[in-house]
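Reading through the structure tokens given below for one structure.
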Amino acid sequence: MDAARRQHYLRLLGIETWALRGAQQAPAAVTPIAEPQAHAEIRQPMSRKTAAPAPPAAVPTALAAGSREVPADWSGLRAMVKDCQACKLCATRTQTVFGVGSEAAPLMVIGEGPGADEDAQGEPFVGRAGKLLDEMLKAIGRSRKQAAPDQAVFIANVVKCRPPGNRDPEADEVEACRPYLDRQIELVQPKLIVALGRVAAQRLLATDAPLSKLRGPLHRYGPTGTPVFVTYHPAYLLRSPREKAKSWEDLKRIHRHLAETA
Ligand code: URA
Ligand code: SF4
């Protein structure tokens with residue numbers, strides 16, 4: 001990764017000066033931010049009581065979690081997700097958000113769930129956080145647009161439907177949706193999965209560990225033990241300058257891992 005890219009990335013994040021200074025100084029010089037509240041501002045959770053839609057009494061049992069035959073091909077999978085009613089999020093979505101990118105990408109990026117923009121457009125990460133994600137990917141030479149394998153990425157979420165009010169996806173919703181994500185991983189066969197933010201990482205890896213612990217080590221996911229790195233969610237980076245230099249370190253590690261396993 002060349003210096004120009006680093007410069008571009010840091011300038012983009014508006015952190016050039018403090019990032020350089022941060023190399024010699026403790027980050028305490030920067031306004032402290034309560035780290036675990038990763039999405040408090042952008043994904044304002046509604047109270048569980050007010051956010052929860054009425055229980056989906058009419059969910060067909062054939063589609064209930066666990067009892068689905070999930071198609072083994074992309075078109076069948078897409079069709080099933082499109083009409084899915086396997087969890088209560090189906091009641092409040094505008095449309096499902098399947099995923100975007102190259103179906104054979106070495107890198108798979110997984111977020112927590114669609115927000116309002118994604119729910120309206122049917123594509124993951126198209127809002128402000130999405131723009132930053134695109135820049136983060138660009139910094140390591142990747143694009144969601146159809147691209148050569150060494151530039152390709154597939155982007156998805158742990159739930160395909162927007163949680164109302166942008167609350168965190170609940171455990172039962174993630175479990176209901178997991179067969180789709182698992183099939184996507186099986187079809188893409190990525191060399192590396194990157195989980196964005198605490199919620200996606202905790203749900204994906206089925207752990208309560210804080211982001212500070214999850215970031216750093218290489219994790220494994222699924223029967224094939226696909227390598228997983230955890231990094232900050234772009235929505236968090238947009239308003240938490242303290243972590244942006246560390247995000248750059250993560251991107252370099254991601255880039256290196258992909259280069260080494262190419
Ligand atoms: N945040 C996410 O985690 N996923 C999206 O698709 C958009 C915002
Ligand atoms: Fe189905 Fe997933 Fe949407 Fe729930 S979130 S209705 S499991 S597609």
Side-chain angles (χ1 to χ4, degrees), residues 38-45 51-56 58-71 76-101 108-137 144 153-184 193-204 211 230-239:
H39 302 263
E41 216 172 78
I42 291 191
R43 306 186 59 85
Q44 284 150 351
V59 171
T61 45
L63 288 178
S67 62
R68 281 163 290 165
E69 266 308 309
V70 177
L77 181 61
R78 279 177 194 278
M80 186 172 205
V81 169
K82 189 166 179 288
D83 296 327
C84 179
Q85 300 178 41
C87 84
K88 57 188 176 297
L89 294 182
C90 72
T92 45
R93 74 184 179 216
T94 303
Q95 59 188 315
T96 56
V97 178
F98 182 79
V100 70
M108 193 158 163
V109 171
I110 300 178
E112 62 182 79
D117 295 321
E118 292 76 23
D119 178 67
Q121 294 184 42
E123 183 172 328
F125 286 99
V126 290
R128 251 182 99 221
K131 301 277 177 292
L132 179 54
L133 175 61
D134 282 343
E135 292 294 344
M136 292 163 75
L137 291 170
R144 71 170 73 198
V153 59
F154 189 85
I155 305 171
N157 284 303
V158 293
V159 290
K160 312 303 187 210
C161 303
R162 181 192 184 202
N166 292 352
R167 65 161 169 75
D168 294 346
E170 291 166 3
D172 62 317
E173 296 156 357
V174 175
E175 290 320 309
C177 215
R178 194 181 294 270
Y180 301 141
L181 181 67
D182 285 351
R183 186 70 88 211
Q184 288 177 317
I193 291 171
V194 172
L196 293 176
R198 178 183 61 84
V199 175
Q202 288 183 342
R203 295 291 192 228
L204 185 72
L211 187 69
V230 175
T231 189
Y232 300 101
H233 195 288
Y236 178 60
L237 292 176
L238 281 172
R239 56 188 169 54

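Order of appearance sets the numbers: ligands from 1, and atoms from 1 within every ligand.
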(Q) Between D172 and K88, does any NZ, NE, NH1 or NH2 come within less than 4.0 Å of an OD or OE carboxylate oxygen? (A) yes
| Can an N, O or S atom be found in C87 less than 2.8 Å away from atom 4 (Fe) of ligand 2? | yes
SB check R144 D134 (cutoff 4.0 Å):
yes
Counting from 1 in the order shown, the ligand 1 atoms closer than 4.0 Å to a non-hydrogen atom of G111 are 3 (O)
Test side chain to side chain contact (heavy atoms under 4.5 Å, CB included) on V109 and L137; report intermediate values, then the result.
CA-CA 10 Å; V109 171; L137 291 170; 4.2 Å; yes
For N157, the ligand 1 atoms with a heavy-atom partner under 4.0 Å come out as 2 (C), 3 (O), 4 (N), 5 (C), 6 (O)
* Asked: Between atom 1 (Fe) of ligand 2 and C84, is there an N, O or S atom separated by less than 2.8 Å?
  -> yes
At a 4.0 Å cut-off, with the gap strictly under it, does some heavy atom of E123 reach an atom of ligand 1?
no
Among non-hydrogen protein atoms, atom 2 (Fe) of ligand 2 lies closest to C177 SG, 2.3 Å
Taking N, O or S atoms only and a limit of 2.8 Å, check whether C161 reaches atom 3 (Fe) of ligand 2. yes
For R93, the ligand 2 atoms with a heavy-atom partner under 4.0 Å come out as 3 (Fe), 6 (S)
task = Measure the shortest side-chain to side-chain distance between E112 and D168 over non-hydrogen atoms and say whether it is less than 4.5 angstrom.
result = yes
Short version for E118: what comes under 4.0 Å of ligand 1, heavy atoms counted, is side chain
For side chain to side chain contact (heavy atoms under 4.5 Å, CB included), just list the numbers for V100 and V126, CA-CA rounded to whole Å, side-chain angles, deciding distance to a tenth of an Å, and then say yes or no. CA-CA 11 Å; V100 70; V126 290; over 6 Å; no
Within 4.0 Å of some non-hydrogen atom of C90, the atoms of ligand 2 are 6 (S)
Near K160 (heavy-atom distance under 4.0 Å), the atoms of ligand 2 are 5 (S), 8 (S)
Atoms of ligand 2 under 4.0 Å from any heavy atom of A176, numbered from 1 in the order shown, are 7 (S)
Report yes or no: does G113 have a heavy atom closer than 4.0 Å to ligand 1? yes
I'd like to know if K88 contacts ligand 2, where contact means a heavy-atom distance under 4.0 Å to any ligand atom. no
* Asked: Ignoring hydrogens and geometry, is there a side-chain-to-backbone donor-acceptor pair from R203 to E175 under 3.5 Å?
  -> no
Can you confirm, on distance only, whether ligand 1 has an N/O atom lying under 3.5 Å from any N/O atom belonging to P124? no
